[in-house]
Amino acid sequence: MSSLKQFIRNVRAAKTIADERAVVQKESAAIRASFREESGDHNIRRNNVAKLLYLFTLGERTHFGQIECLKLLASPRFADKRLGYLGTMLLLDENQEVLTLVTNSLSNDLKHSNQYVVGLALCTLGNIASVEMSRDLFPDIESILSSSNPYIRRKAALCAMRICRKVPDLQEHFIEKAKMLLADRNHAVLLTGLTLVISLCEADEEEGGEEGIVDTFRPLVPALVKILKTLSSSGYAPEHDVTGITDPFLQVKLLRLLRVLGRGDTHTSEQINDILAQVATNTDSSKNVGNSILYEAVLTILDIEADSGLRVLGVNILGKFLTNKDNNIRYVALNTLNKVVAVEPNAVQRHRNTILDCLRDPDISIRRRALDLAFTLINESNVRVLVRELLSFLEVADAEFKPVMTTQIGIAADRFAPNKRWHVDTMLRVLKLAGNYVKEQILSSFVRLIATTPDLQTYSVQKLYASLKDDISQEGLNLAGAWVIGEYGDALLRGGQYEEEELVQEVKQSDIVDLFTAILNSSYAGQSVKEYIITATMKLTTRLTEPAQIERLRRLLESNNINLDIEIQQRAVEYGSLFTYDDIRRGVLERMPPPEIREEQRVLGEATKSKRLSKTPSKKKPSQVTEQDMLLDLMGDPPMPTVSAGGAANGSQHNADLLADILGGGPSTASAPAPQAASPPPAGGNIGSIFDLFDAPSATSGNQASVPVTAAAPAPTPAASQAPVYTAYNKNDFLLTFQVHRSAAAVQVMARFKNTSVGEHFTDVALQAAVPKSQKLQLQGISSSELAGGQEATQQMRVVSVQGPPPAKLRLRLKLSCAKSGRAPLTEQVDWSEGA
């Protein structure tokens, strides 16, 4: 047989995997044959086991050599025992049945006169001990911990730690011995003793601390502090010196144990504060060894009940780490500051410029950690500065950073924006720099911002138009621009309102059509962009006034009647059919009412890293939350889901969730939807007749790109004319009355809105209502949200009881909103009781 060295040469000399496999199989067969011969030569057996260990490193099967390892353990020679124990640790594990045969050998060797044999047995026991073996041999370990030999004591301490992890019930047997180890003068024994105590205390904390092991070791804190003080202030010690620092490994272990003992205990923390300040100020930070001690000291400061001054010192040390040339030190500093910023935000803010400098670091890991930390630093006072820096970084950032950055900037702007114009400008900048990476939630929030800010609609549509003229390659910019231009295209023609040069230039109606045609015919127009452009094109037919341009828009829609995408084709055909009915088309394509922004609709981050910036979202899904829920909260009642009769969306859901549905705020769909035209038709309009004229069903294919319209209030029941009429509101030229009709199943309420003035005009008329928690309310859509002088509109409600007959007396909380002759919106809340 060949020697181990020759075997390794043969394996390495193999030129192919097949050649290597042949060498391994030949040698394995020779080893098996040698085992069967039962040769008494220890050298041969030792050579065979050494080859098996090499085969083990190659991933080959070595189970047939386990018994040979046990035979080496029984040999009186140290060389045999050393290789036998090594083979036992590598080739066996605690699940092997043959392991029970090792227990006797271990028990004998733990009592051996040679310290190195005892060390081998302790090392093997710590690595492969099973529960049964641990219970059998722990008395031997307990007695060895009292040995006078420091070499054996430190090995026994580590073995005891492994046994306690394997069998937690045995921890109590080693507590007193562990206290003795902490008083040992030998540095190596003290180091292993600290490791054992830390393991015991951490296991105790994980189990809830019922056994009180941490409390048992807390009286030793003064002695530990004294040892650490001696180490940090001692002079040169040749036997423990590492680049001028005395035993840094022991100092780190001491700091770690002090952290465990001081966590959550004020008295212990006070005992530790002084030594932590001493270590933090006296340790040399010019060398990596000193930085390791400082880092452990910072972790201890931040984990115990330290005073604020000491915490600031710890944060300053981390800030100093950020200027270090070593990438690893900068990385751990950024990682730690990410955890600290919630506890000491002001202290971390002082190092803001250094953190921003890390965004330009060549190491991608450091850039990623610095980016996470930069977002957590944003607040009301620094949002302008930090977002400006982040936008500069977004311009040159790698593609993998852009999705997270666009989301986080959107979250920060949504929460901390100093004013809405800055918010709009920031999101426009994001769309221009990384529009292809902007998620639907961010886009939805941006569109809602414009829809709910009438003062900035002209500015926003002009800025988006100017941006699209410069660049149509960003999908997010195309989507937002198409929606806003389609909704507020008429405002685009009123140029010259702002100081920006590009907004002073006149915009012709033909320019808008040219832009939409260019986007639609470009290679950047994906399916989502085309869907948005098609619907926006249809809306522009009511926003533009030149017949020639309206005809161009009609032909643009007609060209998509044969589009290969069935969704685009269907919408183009439906929109083309509306040209036959101008009155209906203008009513259907009126401006959408501005939604009310709720916390559930605000931009919320996805990763744990965004939770610090976003407010806690409601547990209820956005699609389940209505304005009625908000009013119920005002009444002190829990929210109840409502379903409109016939499946129609109720008025509050219509007002609050349309934009969320458009851009993904509500339930997700199979494809990205086109923007919808969703204004109510004129009073008296019958939506069912529209689809009858088209010879199509009242529901489209179910995609959100269809043209949603608010259902007209159904005609009152025959007995409603005799039902009593109550006045609910009569102020500011606005009259609201309720006509109540009762049946055995429910109470039907017909709400009538009337403009009692002569020349005034009301827009955005909306009614929301809430009932007590013992009742359920179904609220249908209002017939018209605009009322000229003397004009009326209706809206029907239905109230039922959760249990029992309908309520004998209605009690409603009403929220009425409208805008009078273009003035600021008026909102009033009143409580109404039937018969009052």
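Residues: numbered from 1 along the sequence shown. Worth knowing before you read on, the calculation uses all heavy atoms, side chains too, and leaves out hydrogens, waters and symmetry mates.
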Tell me, do [X] and [Y] make a side-chain contact under 4.5 Å, heavy atoms counted?
X      : Y      : answer
Leu356 : Leu386 : yes
Leu276 : Leu310 : yes
Glu305 : Asp265 : no

Relative to each other, are the rings of His173 and Phe138 parallel, tilted or perpendicular (30° and 60° limits)? tilted
Relative to each other, are the rings of Phe393 and Phe401 parallel, tilted or perpendicular (30° and 60° limits)? perpendicular
Donor-acceptor contact present, side-chain [X] to main-chain [Y], <3.5 Å:
X      : Y      : answer
Thr426 : Trp422 : yes
Arg218 : Leu261 : yes
Thr192 : Ala188 : yes
Lys287 : Thr243 : yes
Thr62  : Phe56  : no
Thr323 : Gly319 : no
Thr336 : Val332 : yes
Glu296 : Lys253 : no
Asn127 : Thr124 : no
Asn379 : Asn382 : yes

If the threshold is 4.0 Å, N to carboxylate O, is there a salt bridge linking [X] and [Y]?
X      : Y      : value
Arg360 : Glu389 : yes
Arg165 : Glu202 : no
Glu132 : Arg135 : no

Matching residue for Leu190 among Asp247, Leu181, Leu224, Ile227 - test: side chain to side chain contact (heavy atoms under 4.5 Å, CB included): Ile227
Name the one of Leu373, Ile301, Asn335, Leu302 that satisfies side chain to side chain contact (heavy atoms under 4.5 Å, CB included) with Val340? Leu302
Which atom pair, heavy atoms only, marks the closest approach of [X] to [Y]?
X      : Y      : value
His423 : Ala417 : CB-CB, 3.8 Å
Thr300 : Leu258 : CG2-C, 4.5 Å
Thr195 : Met161 : CG2-SD, 3.5 Å
Ala156 : Ile141 : O-CG2, 3.8 Å
Ser285 : Leu294 : CB-CD1, 3.5 Å

By the definition salt bridge (charged side-chain N to carboxylate O under 4.0 Å, His left out), identify the one residue from Asp372, Asp361, Asp398 that meets it with Arg367. Asp398
Name all pairs fulfilling the salt bridge (charged side-chain N to carboxylate O under 4.0 Å, His left out) condition that reach into residues 105-116, sequence neighbours left out, sorted by first residue then second. Lys81-Asp109, Lys111-Asp140
Donor-acceptor side-chain pairing of Lys439 and Thr406 below 3.5 angstrom: no
Can Ile355 and Val348 be said to form a side chain to side chain contact (heavy atoms under 4.5 Å, CB included), step by step? CA-CA 9 Å; Ile355 294 168; Val348 180; 4.2 Å; yes
Given Gln441 and Thr407, is the side chain to side chain contact (heavy atoms under 4.5 Å, CB included) satisfied, shown in steps? CA-CA 8 Å; Gln441 298 95 321; Thr407 300; over 6 Å; no
Steps toward side chain to side chain contact (heavy atoms under 4.5 Å, CB included) verdict (Leu73, Thr88): CA-CA 9 Å; Leu73 296 183; Thr88 302; 3.8 Å; yes
List the steps and the verdict of side chain to side chain contact (heavy atoms under 4.5 Å, CB included) for Leu337 and Leu322. CA-CA 10 Å; Leu337 286 171; Leu322 294 178; 3.8 Å; yes
So for atom NZ, which belongs to Lys229, do other residues, nucleotides or ligands contribute more than 12 heavy atoms lying within a distance under 6.0 Å? no
